[in-house]
Amino acid sequence: MTHRMSAQDASFYFLETSNTPMHIGSLAILEQPSGGLDYEDVLRLVERRLAAVPRYRQKAREVALGLARPVWVDDRDFDITYHVRRSALPRPGSETQLHELLARLISRPLDRSRPLWEMYLVEGLAGDRCALFTKTHSALVDGDQALEIGQVLFEPTETPRVDPEELWMPEPEPSDSALLLGALAELVARPGEAVSGVRAAVGDLAATAGEALDVVGRLARTAAQSAPDSPLNAPISRNRRFAVVKADLELYRKIRARYGCTVNDVVLAVIAGALRYWLLSRGEPLTEATVVRAMVPMSVYAEDPDVPEAGREESETGPRGEVSTFLVDLPVGEPNAVVRLSHISHAGEAYSRQGRRVPARSMMRLSGFAPATMHAVGARVASGFSQRVFNLMITNAPGPQHPLYLAGARVLEMYPISPLLKNQALSVALTSYDGNVYYGLNADRDAMPDVEVLTSLLHESLEELLDASR
């Protein structure tokens, strides 16, 4: 049995180049349980949970001559040890060493001859900790039929749930001629879909980003002109830098309460302030009208769709998730932090009155650490639009405000990682979890050698808003 890629799945599959690998990532910092956590524990857990994410055992097969979109087929040679890997830092491993390792792992495209995901257990981190890094191709996770694997691995209790035994037998893999005949049959039965498949094969995203078409008209009105010039936009290499920021969620809530906005508004204002001072540190000329245009896919909840909340806690049965996407001009030229927040808050209010959302229906069906899936859906939506209309992608997904565990190991920190798009030197992803906000900064190694400066400025920008609110 084969499953044809959706039009948007295919667009991500063909969008990828050696310089722009299209995988999303997630870094979890784990506290070693009393009995320890070793590679075999993680391997067994992942193997038991794969039944909940069947596409993680499937690989992509292309159709000859590009007559149809690729198909997902079972990998008859599936090898769990190829995908779940073991790495180590020289003890005691530092945060800097961990981030350098992740930068190298983020830079590598996934092997297209196998299922499009990898996982690394990184041992040797100082403080009796280890790390779990997962990267999954954006084509693999759609938030509906396919979830990100982290959503089925992390649990609210220290004792892992007992999974029923599962005997997996791969379906026979179709031959090239069978795929070709199937494509020809579809060409006769549904010629419109076949044309769409050919366009996908040559990278025509405008014709294949089907799920994003719901919001094209609204975003087109916002993006009537190209994004302003910015050092954030430059040809990028195949190498990356990775940096993180951790902040107390309660500080964001205090600013929200003081100014009557949302936590998401505060997040964007903090990023705007950090980008302002980063541009100044580079000697960039700024006027009060200078802006950085951000594409902001963020998760919202069906219970309160007009007030997205980065700190909202998931329900016991899992969040009812949707991804809401809009363009916002971050006023980096404005010297007053409160005025920057006011501009962003008003833009958010205007958007919420007319916004439409891309549903992630799987969020309603399965509990777990949903932000990883929501980040994947957000990146998919943003990537469906021309990168000429925005300078930067910022994905934001709320997480649970209680501890999670993996095979008995408590998750201490959780950092999301979104891909770099063509000619964009930085992407920012953030998730709230257990009382904190976690930023993951994915940057081009050549275009942004000073990404660590930006991490310090995020802290300073938050302090500036806190001082003003006092």
Which residues pass the salt bridge (charged side-chain N to carboxylate O under 4.0 Å, His left out) test with Asp176, not counting sequence neighbours?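 Asp176 satisfies salt bridge (charged side-chain N to carboxylate O under 4.0 Å, His left out) with Arg61 once adjacent residues are dropped.
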
Do His83 and Tyr56 make the cut of ring centroids closer than 6.0 angstrom?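 Between His83 and Tyr56, the centre distance exceeds or equals 6.0 Å.
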
Under-4.0 Å salt bridge between [X] and [Y]:
| X | Y | result |
| --- | --- | --- |
| Asp74 | Arg76 | no |
| Glu123 | Arg91 | no |
| Lys135 | Glu118 | yes |
| Glu62 | Arg4 | no |
| Lys59 | Glu173 | yes |
| Lys422 | Glu16 | no |

Can you see whether [X] engages [Y] through a side-chain donor-acceptor pair at a distance of less than 3.5 angstrom?
| X | Y | answer |
| --- | --- | --- |
| Gln32 | Asp128 | no |
| Asn423 | Asn233 | no |
| Tyr39 | Arg86 | no |

Atom of [X], atom of [Y] and distance for their closest heavy-atom approach:
| X | Y | answer |
| --- | --- | --- |
| Leu132 | Met119 | CD1-CG, 3.8 Å |
| Leu116 | Leu140 | O-CD2, 3.8 Å |
| Ala247 | Tyr252 | CB-CE1, 3.7 Å |
| Trp168 | Asp75 | CH2-O, 3.4 Å |
| Val63 | Arg69 | CG2-O, 3.7 Å |
| Leu45 | Ala407 | CD2-N, 3.9 Å |

Using the side-chain hydrogen bond (donor to acceptor under 3.5 Å, both in side chains) criterion, which residues pair with Thr20? Sequence neighbours excluded. Thr17

Residues two or more places apart in sequence or in another chain: which of them pass side-chain hydrogen bond (donor to acceptor under 3.5 Å, both in side chains) with Arg238? Ser18

Given Ile394 and Tyr439, is the side-chain contact (heavy atoms from CB on, under 4.5 Å) satisfied, shown in steps? CA-CA 10 Å; Ile394 303 170; Tyr439 291 78; over 6 Å; no

For side-chain contact (heavy atoms from CB on, under 4.5 Å), just list the numbers for Leu430 and Tyr438, CA-CA rounded to whole Å, side-chain angles, deciding distance to a tenth of an Å, and then say yes or no. CA-CA 5 Å; Leu430 60 135; Tyr438 297 97; over 6 Å; no

Mind running side chain to side chain donor-acceptor pair (under 3.5 Å) on Asp79 and Thr81 for me, showing each step along the way? CA-CA 5 Å; Asp79 178 4; Thr81 60; 2.6 Å; yes

Would the distance check show the side chain of Tyr433 and the main-chain N or O of Leu404 forming a donor-acceptor pair, the cut-off being under 3.5 Å? yes

So is Arg114 actually on top of Tyr82's ring, under 6.0 Å and inside 45° of the axis? yes

Residues Leu327, Arg293; criterion side-chain contact (heavy atoms from CB on, under 4.5 Å); working and verdict: CA-CA 7 Å; Leu327 290 171; Arg293 182 172 294 166; 4.3 Å; yes

Flag side-chain contact, heavy atom, 4.5 Å: Cys130 against Leu121: yes

Evaluate side-chain contact (heavy atoms from CB on, under 4.5 Å) for Leu232 paired with Gln424, printing each intermediate quantity in order. CA-CA 6 Å; Leu232 291 169; Gln424 297 199 353; over 6 Å; no

Are Asp444 and Ser237 close enough, and set up right, to give a side chain to side chain donor-acceptor pair (under 3.5 Å), and what steps lead you there? CA-CA 7 Å; Asp444 181 71; Ser237 68; 2.9 Å; yes

